[in-house]
Amino acid sequence: MTTPAQTPPARSDFIRDIVAADLRDGRIREVVTRFPPEPNGYLHIGHAKSICLNFGIAREFGGRCHLRFDDTNPMKEEQEYIDAIERDIRWLGFDWGDHLYFASDYFEQLFEWAIHLVKAGKAYVDDLSADEIREYRGTLTEPGRPSPWRDRPVDENLDLFERMRAGEFPDGARVLRAKIDMASPNINLRDPVMYRILHAEHPRTGDAWCIYPMYDFAHGQSDAIEHITHSICTLEFEAHRPLYDWFIQNLPVPAEPHQYEFARLNLTHTVLSKRVLLRLVDEGVVRGWDDPRMPTLSGIRRRGFPPEGIRDFATLVGVAKTDSVVEVEYLEHTVRDVLNRRALRRFGVLDPLKVVLTDYPEGQVEEMDVPNNPEDPGAGTRKVPFSRELWIERDDFMEEPVRKFFRLAPGREVRLRSAYFITCDEVVKDEEGRIVELRCTHDPATRGGDAPDGRRPKATLHWVSAAHAVPAEVRLYEHLFTDPYPGVDGRDIFETVNPASEQVLTGCFVEPSLASLPVGETVQFERLGYFCPDRDSAPGALVFNRTLTLKDTWAKLRKQGKHDLA
RNA sequence: UGGGGCGUAGCCAAGUGGUAAGGCACCGGGUUUUGGUCCCGGCAUCCGGAGGUUCGAAUCCUCCCGCCCCAGCCA
């Protein structure tokens, strides 16, 4: 309850070291990075690591970071994704200024460069089918063989390539290939395909093109056009770097960018494969791309995670080349850390148990002053109505308390936070023996929560005045997958979806101030966790998402079976 | 068994010849009107393994072992 934790300073890593050295040695004057998403899905926490890296470096070294959509495959890309991606990056806290680009903006230039290679005898049109190309490519241990079309005359290649562009051939009929080395031990250099024919509507260029460049032919050149100095990508592109360099060296590009690779983020109990995420959405396993259980930025946002918590996570996790799987608890820690500092405290009762204060005047209402955030005195206090009948958490009472349970029990006195000390006198049950009400008395001298005689109850409970309580639905969220490493053991990922990943609670009661809390604003329900109004919320029908629980030592003791030990 | 990478605590991760940072998790203790926060302490005689070089090695050399990526007209 003291020193507010600091946002961790950006530490150095091997990429930042390279950037610093390039700046220091004058190899570059200004660092220019780029974040290059393909608009074929929503951004997820793994992308956040890359975004924080690229935009973070630009910010730290006084350079700039471009947002460039890698939209070279119209079969999978959609405007909806472009919009969502821009929204999510902004939400994360980054800005690309005027530097919004699309690989498709460079299609004409790329085409000209392809012609350049053809004229130089370094690219050719191949008539082989996809299957044949695969056969000719060889294997990991055997070299490939040259296509029969490999030595086609330049003029013929030029003519055919122009006609490919003109739409004279059907999809798959021919491709343009770079002529490099069919025997290269690096398969990426065995005459990689540069262009394929795709008679598809492109989200941005419409039907202007029916041939589209492959990633390898588009990415590096796009970097060169934008004068990107450090093209940062994930490890799986490492083997592509020689090809990246080959194109740069063999083309009259305006700059010579360099590619650097780092290990992508993996999280336990989480899947970050776009393919799988798409299936979860399509098959209705979740409520959509922004389901609070999804690792997408939009899901995390809906869940109530603050962007700062994600940024902190990215910096704490670091950047290296070791394949790693970070425990999701680490993310939860940085999120709690931010929320603990910022979130307003509120009262909400998830599983209500009625308490009647037999010695409290009927009809009387007191406005209790309650701190908005003990971590931040500047957050002030609020008034919370208190009256004779209250709701408390059913878990906060035990008729026959076990050894380490020190909440309410018959004959026991506890503190109602910022209100009074109360003592349980009587337990009321229904015919089935279920506890339906607790009859208690309060000590008027403890108003506000402090006893003049200095006595201190072992427990402090949250509460809501029954007459003023606002009903709400609360959705409890847990890991989407029970398996820490979903899919690694060969089991179908969909079979390890946690059936309890979403639990919908109805009949919850929250304090009056919560009725007007804006969607997406995360508050702490004292002693329970962090919650935020979901977009499904409506004026008379509040819906809250549980962002995260608070750390809960008592729950841990019970789970370990230690609550009853001496 | 082709090529490219990587192996430091349960999980991340510094360190790059001078005798193992930090965070998460975990375990103790203190404070506390949230069993939260905060504070204090503990947690690698050892850096995938084996040799070698050196006064001295996680850091250099050799060999071995393990894991990841590449055979899309995906990115």
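Values below: every heavy atom of this structure, side chains too, minus hydrogens, waters and symmetry copies. As the structure is a prediction and not an experimental result, all values here were calculated from the model. Within every chain, numbering begins at 1; the chains are lettered A, B, ... in the order of the sequence lines, protein sequences first and strands thereafter.
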Answer with base, sugar-phosphate or nothing: what part of the nucleic acid does A/V414 contact at a heavy-atom distance below 4.0 Å? nothing
Using the rule given for salt bridge (Lys or Arg N to Asp or Glu O under 4.0 Å), can you reason through A/E393 versus A/R407, listing the C-alpha separation, both sets of side-chain angles and the distance that settles it, and then say yes or no? CA-CA 11 Å; A/E393 211 67 60; A/R407 271 111 94 148; over 6 Å; no
Verdict with supporting geometry, A/Y244 and A/D223, side chain to side chain donor-acceptor pair (under 3.5 Å): CA-CA 10 Å; A/Y244 181 104; A/D223 286 339; 2.7 Å; yes
Can you tell me how far P of B/U32 sits from CZ of A/R417, to the nearest Å? 14 Å
Using atom CG of A/L189 as one end and atom P of B/G2 as the other, report the distance to the nearest whole Å. 18 Å
State yes or no: are the ring centers of A/F14 and A/Y260 separated by less than 6.0 Å? no
Using purine N1 to pyrimidine N3 plus N6-O4 or O6-N4 for Watson-Crick, or N1-O2 and O6-N3 for G-U wobble, both under 3.5 Å, which nucleotide pairs with B/G2? B/C70
How about A/W554: does its CH2 atom have over 12 heavy atoms from other parts shown lying under 6.0 Å from it? yes
Over how many whole Å does the gap from A/L316 atom CG to B/A21 atom P extend? 19 Å
Under a plain distance cut-off of 3.5 Å, with no hydrogens placed, do A/R345 and A/H462 share a side-chain donor-acceptor pair? no
Could you check whether A/Q524 gets within reach of a base, just the sugar-phosphate, or nothing at all, counting any heavy atom under 4.0 Å? base
With a 4.5 Å cut-off on side-chain heavy atoms, are A/T234 and A/F262 touching? yes
For nucleotides 70-75 of chain B, just jot down a letter per nucleotide in 5' to 3' order: B, S or -, based on protein non-hydrogen atoms under 4.0 Å. BBSBSB
Nearest-angstrom distance from the residue atom NZ of A/K556 to C1' of B/G35: 11 Å
Which part of the nucleic acid, if any, lies within reach of A/F405 when heavy atoms closer than 4.0 Å are counted: base, sugar-phosphate only, or nothing? base
For the ring pair A/F525 and A/F544, is the centre-to-centre distance below 6.0 Å? yes
Once you apply a heavy-atom cut-off of 4.0 Å, does A/R336 come out as touching a base, just sugar-phosphate, or nothing? nothing
Find the distance A/F406:CZ to B/U32:C1' and express it as a whole number of Å. 12 Å
Glycosidic conformation of B/G30, syn or anti, with 90° from 0 as the boundary? anti
Round to a whole Å and report the spacing from OH of A/Y330 to C1' of B/C11. 9 Å
Reading nucleotides 5-10 of chain B from 5' to 3' and marking B where a protein heavy atom lies under 4.0 Å of the base, S where only the sugar-phosphate is that close, and - otherwise, the string is SSS--B
Starting at atom CZ of A/R264, determine the distance to atom C1' of B/C12, rounded to an integer number of angstrom. 17 Å
Nucleotide B/A13, atom P - distance to CG of A/L53 in whole Å: 13 Å
